[in-house]
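To start, the structure itself, in structure tokens.
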Amino acid sequence: MLDSVRNELRGTLDEIRAAGLHKPERVIGTPQSATVAVTAGGNPGEVLNFCANNYLGLADHPEVVAAAHEALDRWGYGLASVRFICGTQEVHKELEQRISGFLGQEDTILYSSCFDANGGVFETLLGPDDAVISDALNHASIIDGIRLCKARRYRYANRDLADLERQLKEATAGGTGRTLIVTDGVFSMDGYVAPLREICDLADRYGAMVMVDDSHAVGFVGPGGRGTPELHGVMDRVDIITGTLGKALGGASGGYVAARAEIVALLRQRSRPYLFSNSLAPVIAAASLKVLDLLESAGDLRERLHANTALFRSRMTEEGFDILPGDHAIAPVMIGDAAEAARMAELLLERGVYVIGFSYPVVPQGQARIRVQLSAAHSTEDVNRAVDAFIGARAALGG
């Protein structure tokens with residue numbers, strides 16, 4: 001590498017650190033759980049984990065781990081192939097069928113991640129004569145996926161139905177082929193839920209399709225854990241659902257598109273991340289089937305998660321913290337300054353609570369926060385300890 005390029009990159013990294021935007025990676029020495037061992041400053045210690053996507057606490061569930069062990073013996077470690085060559089096993093087809101049934105969709109296609117799933121939809125379904133209308137706060141994978149397609153692009157303000165209708169009018173005014181509205185079901189940095197019923201109403205009025213990335217909802221949002229379409233009573237009106245196996249559904253990796261049968265059939269033929277990526281590891285597919293079994297009787301886990309969420313949000317509000325409103329397990333504590341958010345996260349870790357400060361470019365400039373994520377694995381005592389740690393960290397910062 002040229003010395004001039006190395007020096008430029010070092011300068012950029014120095015600027016990131018100086019702005020308080022550097023994102024260190026901590027090493028965990030235990031399985032993912034409500035309590036983990038974290039190496040901090042060379043000193044390992046047991047801390048409460050309040051920053052995982054492990055919403056239902058299934059990442060180390062003994063039945064899920066046992067299913068994974070059994071799958072290794074039966075199906076092997078990996079397939080060394082993409083799906084259409086020699087990378088499809090019975091376990092992959094069974095998981096696709098189970099996800100379809102769970103989400104009320106006609107078919108499902110598996111990907112190595114939801115990032116890949118979102119990266120493979122738009123280019124396959126939309127051409128230059130089509131239009132895609134995206135919520136301004138959609139996940140980066142949706143934004144990148146849209147960049148890959150040649151459709152006309154429109155953006156509406158977060159959850160703003162009047163602005164969405166303006167974009168629909170503009171998109172359809174001059175005539176268009178397919179129109180696709182795409183939104184996160186739950187916005188990952190804020191915990192806000194998309195108004196899906198109203199979005200579907202607008203889609204019906206303007207002849208558009210609806211796509212939802214429900215990664216932060218499936219498993220625990222809605223009466224049966226089927227996500228935001230179930231929550232809003234529109235499971236039969238959403239055309240495409242993308243999601244992940246890496247959050248509430250066991251927390252490993254893998255993603256999917258659950259959709260109308262014709263959409264999934266076309267994705268199998270033309271979706272580049274699917275055609276050119278190795279098959280999902282069979283151990284993950286098999287363990288995910290066990291997770292779906294557990295979800296059928298996971299009402300107590302969902303209730304515990306909701307109770308933990310309500311307790312944390314109410315106590316933090318009573319203590320005067322600026323926490324974004326809502327009832328989702330994503331509970332962002334707003335700090336504002338990036339360096340202060342990073343310092344608070346360090347002070348919390350010293351007090352036995354593992355959280356992360358989020359700053360630009362993950363969130364807008366000046367909106368740094370600590371995104372707390374509750375889990376069914378947390379006890380009431382754990383939640384109260386976390387709030388007490390926030391109070392102590394604030395005092396240490398002079399707040």
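- Figure legend: cation-pi geometry between Arg159 and Tyr192, with NZ or CZ positioned under 6.0 Å from the six-membered ring centre and within 45° of its axis.
- The backbone N or O of Gly127 sits less than 3.5 Å from a side-chain atom of Asp130, completing a donor-acceptor pair.
- Between the side chains of Thr242 and Asn118, at least one donor N or O sits under 3.5 Å from an acceptor N or O.
- Using a 3.5 Å distance cut-off with no hydrogens or angles, the side chains of Gln373 and Tyr55 do pair a donor with an acceptor.
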Walk me through it: do His92 and Leu79 pass the test side-chain contact (heavy atoms from CB on, under 4.5 Å)? CA-CA 11 Å; His92 296 98; Leu79 286 167; 3.3 Å; yes
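- Note on Arg369 versus Asp322: no salt bridge recorded, every NZ/NE/NH1/NH2 to OD/OE distance being 4.0 Å or above.
- One finds the CD1 atom of Ile133 at 10.5 Å from the CD1 atom of Ile146 (value rounded to the nearest 0.5 Å).
- Looking at residues two or more places apart in sequence or on another chain, you find a side chain to side chain contact (heavy atoms under 4.5 Å, CB included) between Arg268 and Arg83, Lys93, Glu96, Asp107, Ile109, Val264, Tyr274.
- For Ala252, the side chain to side chain contact (heavy atoms under 4.5 Å, CB included) test picks out Ile284, with sequence neighbours left out.
- Taking the six-membered ring wherever Trp is involved, the centroid distance between the rings of Phe220 and His328 falls below 6.0 Å.
- Arg385 has no carboxylate O lying under 4.0 Å from a charged side-chain N of Asp388, or vice versa, which leaves the two without a salt bridge.
- In terms of modelled atom types and a separation under 3.5 Å, the side chain of Ser271 and the main chain of Gly120 share a donor-acceptor contact.
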For Leu164 and Leu168, what are the C-alpha separation, side-chain angles and deciding distance, and is it a side-chain contact (heavy atoms from CB on, under 4.5 Å)? CA-CA 6 Å; Leu164 172 57; Leu168 280 163; 4.1 Å; yes
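- Neither side chain, Ser134 nor Arg153, offers a donor N or O lying under 3.5 Å from an acceptor on the other.
- Under the 4.5 Å side-chain criterion, counting only non-hydrogen atoms from C-beta, Ile199 is in contact with Leu161.
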Decide yes or no on side-chain contact (heavy atoms from CB on, under 4.5 Å) for Ile391 and Arg315, but give the supporting numbers first. CA-CA 11 Å; Ile391 295 170; Arg315 277 211 62 199; 4.1 Å; yes
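- Note that the CG atom of Asp135 and the OG1 atom of Thr183 stand 4.5 Å from one another [nearest 0.5 Å].
- Between the side chains of Gln367 and Tyr360, no donor N or O sits under 3.5 Å from an acceptor N or O.
- Between Arg237 and Asp201 there is a salt bridge, with a side-chain nitrogen of the basic residue lying less than 4.0 Å from a carboxylate oxygen of the acidic one.
- Relative orientation of the Phe312 and Phe50 rings is parallel, given thresholds of 30° and 60° on the angle between their planes.
- Between Thr172 atom OG1 and Gln167 atom CD the span is 11.0 Å, to the nearest 0.5 Å.
- Salt-bridge check for Asp293 with Arg98: passed, with a basic side-chain N closer than 4.0 Å to an acidic carboxylate O.
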Could you walk me through whether Tyr256 and Tyr111 satisfy the ring pair (Phe, Tyr, Trp, His ring centres under 6.0 Å) test, starting with their C-alpha distance in whole Å, then the side-chain angles of each, then the deciding distance to 0.1 Å, before giving a yes or no? CA-CA 5 Å; Tyr256 56 84; Tyr111 287 81; 9.5 Å; no
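- When only modelled atom types and interatomic distance are considered, Gln32 and Asn49 share a side-chain donor-acceptor pair under 3.5 Å.
- The distance from atom CG of Leu202 to atom NZ of Lys169, rounded to the nearest 0.5 Å, is 9.5 Å.
- Between the side chain of Glu106 and the backbone N or O of Ala261 there is at least one donor-acceptor pair closer than 3.5 Å.
- To the nearest 0.5 Å, atom CZ of residue Arg26 and atom SG of residue Cys51 are 8.5 Å apart.
- For the atom pair Asn384 CG and Asn308 CG, the distance stands at 9.5 Å (nearest 0.5 Å).
- Shown are Asp213, Asp214, Asp184; of these, the side chain to side chain donor-acceptor pair (under 3.5 Å) with Thr228 is made only by Asp214.
- Counting only N and O atoms by type, the side chains of Ser379 and Asp382 include a donor and acceptor under 3.5 Å apart.
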Take Asp60 and Ser33, measure what side-chain hydrogen bond (donor to acceptor under 3.5 Å, both in side chains) needs, and give me the verdict at the end. CA-CA 6 Å; Asp60 64 340; Ser33 190; 3.2 Å; yes
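- Using a cutoff of 4.0 Å between basic side-chain nitrogens and carboxylate oxygens, Glu123 and Lys150 are not scored as salt-bridged.
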